[in-house]
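Because the structure is predicted, anything quoted here is derived from the model rather than measured.
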Amino acid sequence: MHLTFPKKVEDTLRYLKIRILPRTLFFRTMLLIFIPLIVVQVVSIVAFFDGTWGRVGKRLSTNLTSNMAFAMQLAEESPDNIPEIQALTKKIFDIDFQYYPNQEKHDVIHKVRNSNKLVTGFLEDALSAEFPDANTSIYMGKSNPDLVVFVDTKNGLYQFATSSKNIFSTSIFGFVAWMIGTSMLLFLVAVLFLRIQVRSIADLAGAAEEFGKGVDNKKFKPYGSSEVRRAGIAFIKMKERIQRQISERTQMLAGVSHDLRTPLTRMKLQLAMLPDQTGEESALDKQEFLQDVNEMEKMLEGYLSFVSGEGGEPSTFVDMNEMILSILNKFRNSKALIRYSTNDQVSAIQGREQSLKRALTNVIGNAFNYGSTVAVSLESNNNKLEVMIDDDGPGIPADKREEVFKAFYRIEGSRNKETGGVGLGLSIAKDVIVSHGGKIELLDSPIGGLRVLISIPL
């Protein structure tokens with residue numbers, strides 16, 4: 001059953017979910033444990049206050065006021081026997097009882113009213129109910145007895161001193177301490193247990209992320225709950241199948257490409273050894289045939305370069321700043337104007353150095369082929385590294401920017417066969433960048449041509 005709320009309510013709930021709810025599994029699970037635990041504790045304490053502890057407190061206060069009223073009644077009926085009444089109340093009720101006539105009571109009431117609502121709340125209610133026509137006041141001190149009650153009547157002042165234990169049950173402190181202690185113990189056990197479970201999930205996510213970047217973490221071993229272990233084992237099997245398929249395809253394509261180079265080389269050799277034939281048409285046919293062979297060889301070399309990007313190159317830490325500078329140095333003799341900028345922040349990433357160098361060389365080489373000004377910038381932070389390559393060349397139409405990443409795709413109008421390759425440069429670049437967990441985008445350049453934006457997570 002799905003509840004439907006008005007749009008404003010749904011927007012508010014969505015905003016609260018995004019802003020208030022924690023994002024990690026650990027804190028969300030702890031929230032699910034912590035909130036019900038707090039609610040149970042609060043409900044239990046409130047029920048204890050209103051139930052057992054409240055009834056006990058009211059009964060103790062009522063008994064104390066009844067004993068005080070009994071002593072006052074005896075004193076009023078037998079004023080000459082007050083010493084005996086005092087001894088009786090001390091022995092039976094554990095109350096120190098004093099009586100002061102009206103002419104002496106002003107010398108006695110010099111204590112400042114001081115009470116704790118938690119301790120004397122029930123007693124105040126009981127005194128008001130028992131002595132509605134008298135002025136009553138309560139004083140709590142640190143001496144023993146620590147509770148003094150004054151009852152000022154028209155016949156005189158009555159002072160009662162006793163222990164606060166007669167009106168206050170200290171079981172509340174033990175109950176609260178027990179509740180808090182068990183809650184903290186349960187919370188600690190939950191934290192320790194969840195840390196193990198969440199760590200296993202985090203390690204699985206880290207291994208999957210590293211595999212997406214081309215890093216084979218062979219130290220990963222599934223652990224944790226049975227569901228997490230099953231997911232970890234399934235990930236390892238999936239990774240092995242993907243690696244095996246890539247390896248088999250790479251070996252097959254590399255073998256085919258290598259085998260094709262042998263007849264092409266033989267054909268070039270045979271063409272070179274053929275005697276020069278007379279006639280302009282025969283010489284032209286021979287030259288065109290040689291160009292076709294050279295083009296096929298160039299295509300095979302490009303394809304081998306594309307296939308080698310899927311090889312088993314080990315992953316290391318690569319300084320992208322030094323790599324870009326080394327690539328730009330290769331084009332120093334070109335007629336293009338070169339601009340390079342970096343923020344001098346994080347520039348080292350973990351990846352396959354030769355693959356990354358091949359990808360950046362393809363992209364930067366394209367910029368030099370089609371532009372007279374090339375601007376390269378390297379920006380980075382703690383999350384990702386961005387490389388922007390701008391040129392002022394003819395650019396690529398917006399509707400063709402996805403097509404150019406396909407293998408052997410070439411734009412005939414703006415990038416001709418003389419300056420371009422076989423259509424594998426951007427395919428190789430995208431394959432390498434995506435294998436490192438990044439992305440490559442083609443945008444409009446602020447200097448008039450094409451901007452290639454490469455983002456790689458750190």
Side-chain angles (χ1 to χ4, degrees), residues 209 211-214 242 245-246 249-250 252-254 256-257 295-296 298-311 313 318 320 323-324 327 331 349 351-371 374-379 384-457:
E209 185 177 359
F211 181 66
K213 296 179 181 179
I242 293 175
Q245 292 174 357
I246 292 176
R249 188 183 68 170
T250 301
M252 180 188 68
L253 296 178
V256 171
S257 300
E295 184 179 352
M296 292 179 64
K298 188 176 181 181
M299 291 177 64
L300 284 176
E301 290 177 354
Y303 199 69
L304 284 173
S305 178
F306 176 74
V307 172
S308 64
E310 298 180 347
E313 181 185 355
V318 182
M320 296 297 292
M323 177 182 292
I324 294 174
I327 295 173
F331 299 94
I349 64 172
R352 302 185 300 276
E353 183 175 3
Q354 295 302 320
S355 298
L356 287 172
K357 190 171 184 178
R358 184 183 305 114
L360 291 177
T361 301
N362 291 344
V363 176
I364 296 176
N366 284 342
F368 278 99
N369 288 335
Y370 305 114
V374 176
V376 182
S377 63
L378 174 64
E379 302 290 335
K384 63 181 178 179
L385 181 143
E386 290 185 345
V387 182
M388 289 180 290
I389 301 97
D390 295 293
D391 64 62
D392 59 351
I396 297 178
D399 59 341
K400 301 291 186 182
R401 290 176 181 173
E402 291 296 329
E403 301 292 331
V404 296
F405 289 112
K406 295 180 179 179
F408 302 107
Y409 182 87
R410 299 174 66 254
I411 301 178
E412 293 296 336
S414 61
R415 305 203 171 192
N416 56 49
K417 198 169 183 178
E418 297 297 327
T419 58
V422 295
L424 285 173
L426 289 178
S427 298
I428 294 174
K430 183 176 182 180
D431 182 73
V432 171
I433 298 303
V434 171
S435 67
H436 285 78
K439 63 179 180 178
I440 180 171
E441 300 175 88
L442 302 182
L443 308 169
D444 293 328
S445 174
I447 62 176
L450 180 70
R451 163 173 287 185
V452 181
L453 175 61
I454 298 174
S455 301
I456 301 176

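In terms of heavy atoms, S435 sits closest to R352 at OG-NH2, 2.6 Å. Between D391 and G371, the shortest heavy-atom distance links the atoms CB-CA, 4.4 Å. Contact detail for V363 and A429: the closest heavy-atom pair is CG2-CB, 3.8 Å. Residues E353 and M323 approach most closely at O-CE, 3.5 Å, considering heavy atoms. Taking all atoms of both residues into account, the shortest heavy-atom contact from V432 to S355 is CG1-O, 3.4 Å. When every heavy atom of F331 is checked against every heavy atom of G365, the shortest pair comes out as CZ-CA, 3.7 Å.
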Going through the checks in order, is the side chain to side chain contact (heavy atoms under 4.5 Å, CB included) test met by V452 and M388?
CA-CA 6 Å; V452 181; M388 289 180 290; over 6 Å; no
In sequence, state the C-alpha distance, the side-chain angles, and the governing distance for L442 and F405, and then conclude on side chain to side chain contact (heavy atoms under 4.5 Å, CB included).
CA-CA 10 Å; L442 302 182; F405 289 112; 3.8 Å; yes
What verdict does the side chain to side chain contact (heavy atoms under 4.5 Å, CB included) test give for M320 and I349, after you've listed the backbone C-alpha separation in whole Å, the side-chain angles of each residue and the deciding distance to 0.1 Å?
CA-CA 7 Å; M320 296 297 292; I349 64 172; 3.8 Å; yes
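Under the 4.5 Å side-chain criterion, counting only non-hydrogen atoms from C-beta, D390 is in contact with P446. Here the side chains of I454 and L360 are in contact, with some heavy-atom distance below 4.5 Å.
The distance from the CG atom of L450 to the CG atom of N366 is 9.0 Å, given to the nearest 0.5 Å. I364 contributes atom CD1, which lies 5.5 Å from atom CD1 of I389 (distance to the nearest 0.5 angstrom). Rounded to the nearest 0.5 Å, atoms CG (N362) and CD1 (I327) are 9.0 Å apart. The CD atom of E402 sits 11.0 Å away from the CD1 atom of I396 when rounded to the nearest 0.5 Å. Between L356 atom CG and Q354 atom CD the span is 9.5 Å, to the nearest 0.5 Å. Note that OG of S445 and CG of L453 are 11.5 Å apart. Values are rounded to the nearest 0.5 Å.
Look at K400 and E403 and you find no salt bridge, because none of the NZ, NE, NH1 or NH2 atoms lies under 4.0 Å from a carboxylate O. Between D444 and R401, at least one side-chain N (NZ, or NE/NH1/NH2) sits under 4.0 Å from a carboxylate O, which counts as a salt bridge.
In this view, K384 and E386 satisfy the side chain to side chain donor-acceptor pair (under 3.5 Å) rule, not counting sequence neighbours.
Of the possible donor and acceptor atoms, one in the side chain of S427 sits under 3.5 Å from a partner among the backbone N and O of K406.
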